[in-house]
Amino acid sequence: MPRRAERFGAAERGFHADRSTLEAAFLGVARDAGVRLRTDGPVIRTSAEPDGWRVGTATARYRARWVLDASGRAGVLARRGYRSRERGIATLALVGRWTADPDRPAPDPGCTLIESYSDGWAWSVPTSRRTRCVTAMVDPRRTGLRRELGLEGMWRTELAKAARLGQRLAGGRLAGPVRACPASLYGSTSHGRPGMLLVGDAGSFIDPLSSYGVKKALASAWLAAIVTHTGLEDDAMAMAACELYDDREREVYRTYRALSIPFFEQAAAADDRPFWQVRLAAARKAGADIAETAATPGAPAVTEPGDRSLAERRAEAFLGSAEAGAAYETIRSLPSVHLRPSPALEAVRRPAVVDDRIALDRYLVSDRLPAGARYVRNVDLRRLVDVAPASDQVPDIYEAYNRLGAPAPLPDFLAALALAVGAGFLDLRDDPAKS
């Protein structure tokens, strides 16, 4: 495959974060926010009771109305029948710590290095200016591992297949033993119910090749906190909040599977071997129902979830549709516009994130956007539909929209107006005398 380099913003480089240091920073933020931490050992038992949960460690017992399993792959609660795996693919990580020789410069300081080869892929991240974590990702059933060589021997054999990375690591040595860690992806049949949520990697684990794992986990924790807050404050909304969380976590997993398809396609084109072909077929199957139309030429076919819902991302994708494009050109060509809500427009109330909790919020629904939409490019479509009929000049509609709330940049407002017309939220008439 051809070499490709990706940079941080402003051409900056970065270092792989030390886990203990990062976790200490997170715990410090939690303490500052008033969280009470209990570090008296790992959880060894949990039980659901009519009035909540009982959680036990080796030295203490706790009661709680809600329990969040954020135990990662260990899955303290997730392993109790919630885990689901995609059959036919497995990933094992062979991990070594590499140190540059004292008399030689370290290769690519600050850069993450990734290289695919016929039977797997290699990944290396800097932990300092002279040390790196170097990992070979393999499939125990398809890579053809030479187990008689031991972990270090298998690690060296696989890295030798990654020619470019292997050359960069020639001037250094392995520091410490090689470890083997499970890295297979998995999802969950359910990510929670009132009183219990599976958060981050406890609920699902995506292929490390996507590089989105940490961001996915943080987004999961953010939404889990909002759902838990909602459940503690409003019992009546607890079930709806958990259903939204479950839908969102499933969607995120499928979306990242779809996002991985281009990586697998490139690798499979360069190395037509079972390791890549099986992964490509599995990703296409898992992400089949999440593919979207690109909103702009050259954009990815599937957009990254971030903290936006699937409905919002589908609304963004609709901006690239023929209907939205035609509406935009029509609006530009008219000396005045006469807008009214479409007779087919529906407003339905669905669970959504509103400030720091889950609440029933108003979505606009049409035949062209059956999933409904609230925002596109941070423009409130509901406010737009409310103010649009009051004026026949786009600048006046824009000013009226901005007076009622957070203002929108003009290009984003025009895009939202085109979507509202193209999606059938607003009817556009060039002659107000015609009905």
Side-chain angles (χ1 to χ4, degrees), residues 8-10 12-46 53 55-64 66-79 93 95-100 106 108-113 123-135 174-183 191-192 196-206 208 210-229 232 249 252 306-307 356:
F8 291 92
E12 293 293 331
R13 295 182 174 183
F15 288 103
H16 187 62
D18 176 76
R19 177 173 175 174
S20 61
T21 304
L22 182 63
E23 288 179 347
F26 282 150
L27 291 175
V29 171
R31 289 191 183 94
D32 292 343
V35 174
R36 290 178 294 172
L37 301 175
R38 296 290 184 265
T39 57
D40 51 2
V43 172
I44 58 175
R45 64 175 62 88
T46 61
W53 286 83
V55 179
T57 68
T59 60
R61 301 291 184 271
Y62 301 99
R63 294 183 178 183
W66 283 68
V67 169
L68 277 60
D69 181 356
S71 60
R73 186 173 290 270
V76 173
L77 295 176
R79 289 184 179 274
V95 186
R97 184 172 179 271
W98 178 92
T99 301
D108 302 290
C111 288
T112 295
L113 304 174
W123 177 69
S124 176
V125 294
T127 53
S128 74
R129 293 197 174 274
R130 302 197 64 80
T131 62
R132 303 184 72 92
C133 176
V134 182
T135 302
L174 181 65
V178 171
R179 296 178 294 116
C181 306
H191 293 82
M196 188 278 288
L197 297 176
L198 308 181
V199 184
D201 286 356
S204 64
F205 183 83
I206 58 178
S210 73
S211 78
Y212 288 112
V214 173
K215 186 171 184 178
K216 166 190 163 300
L218 291 174
S220 174
W222 166 78
L223 185 57
I226 291 174
V227 169
T228 304
H229 175 66
L232 290 171
E249 290 296 287
V252 166
D307 59 358
D356 62 352

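The residues of the chain are indexed from 1 along the displayed sequence. Because only heavy atoms are used, hydrogens play no part in the values below, and waters and symmetry mates are left out as well, while side chains stay in. Computed from a predicted model, the values in this text were never measured in an experiment.
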For residues Ala202 and Ala78, report the shortest heavy-atom separation together with the two atoms involved.
O-CB, 3.2 Å

Quick one: closest heavy-atom pair of Gly41 and Thr57, and the distance?
O-CG2, 3.6 Å

Considering all heavy atoms, the nearest Met196-Trp66 contact
N-CE3, 3.9 Å

Set of side chain to side chain donor-acceptor pair (under 3.5 Å) partners for Thr21, sequence neighbours left out:
Asp18

More than 12 heavy atoms of other residues, nucleotides or ligands under 6.0 Å from CZ of Arg179: yes or no?
no

Asp69 side, atom CG; Asp201 side, atom CG - distance, nearest 0.5 Å:
11.0 Å

For the pair Val43 and Tyr62, evaluate side chain to side chain contact (heavy atoms under 4.5 Å, CB included) and give the outcome as yes or no after the intermediate values.
CA-CA 10 Å; Val43 172; Tyr62 301 99; over 6 Å; no

To check you understand the geometry: which heavy-atom pair defines the closest contact between Ala64 and Val67, and what is its length?
CB-CG2, 4.3 Å

Within the side chain of Arg132, is there an N or O that forms a donor-acceptor pair under 3.5 Å with the backbone of Ser124?
yes

Inspect the surroundings of CZ in Arg63 and state if more than 12 heavy atoms from other residues, nucleotides or ligands are less than 6.0 Å away.
no

Short side-chain to backbone donor-acceptor contact, Thr99 and Ala175, under 3.5 Å:
no

Where is the tightest heavy-atom contact between Ala60 and Asp40, given as atom of each residue plus distance?
CB-OD2, 3.1 Å

Do Glu249 and Ser204 have side-chain N/O donor and acceptor atoms under 3.5 Å apart?
no

In Å and rounded to the nearest 0.5 Å, what is the CZ to SG distance from Arg73 to Cys181?
9.0 Å

How many angstroms lie between OG1 in Thr131 and CH2 in Trp98, if you round to the nearest 0.5 Å?
9.0 Å

Hey, what do you get for OG1 (Thr46) to CG (Leu77), rounding to the nearest 0.5 Å?
4.5 Å

Could you report the tightest heavy-atom contact between Leu68 and Ala224, atom names first, then the distance?
CD2-CB, 4.1 Å

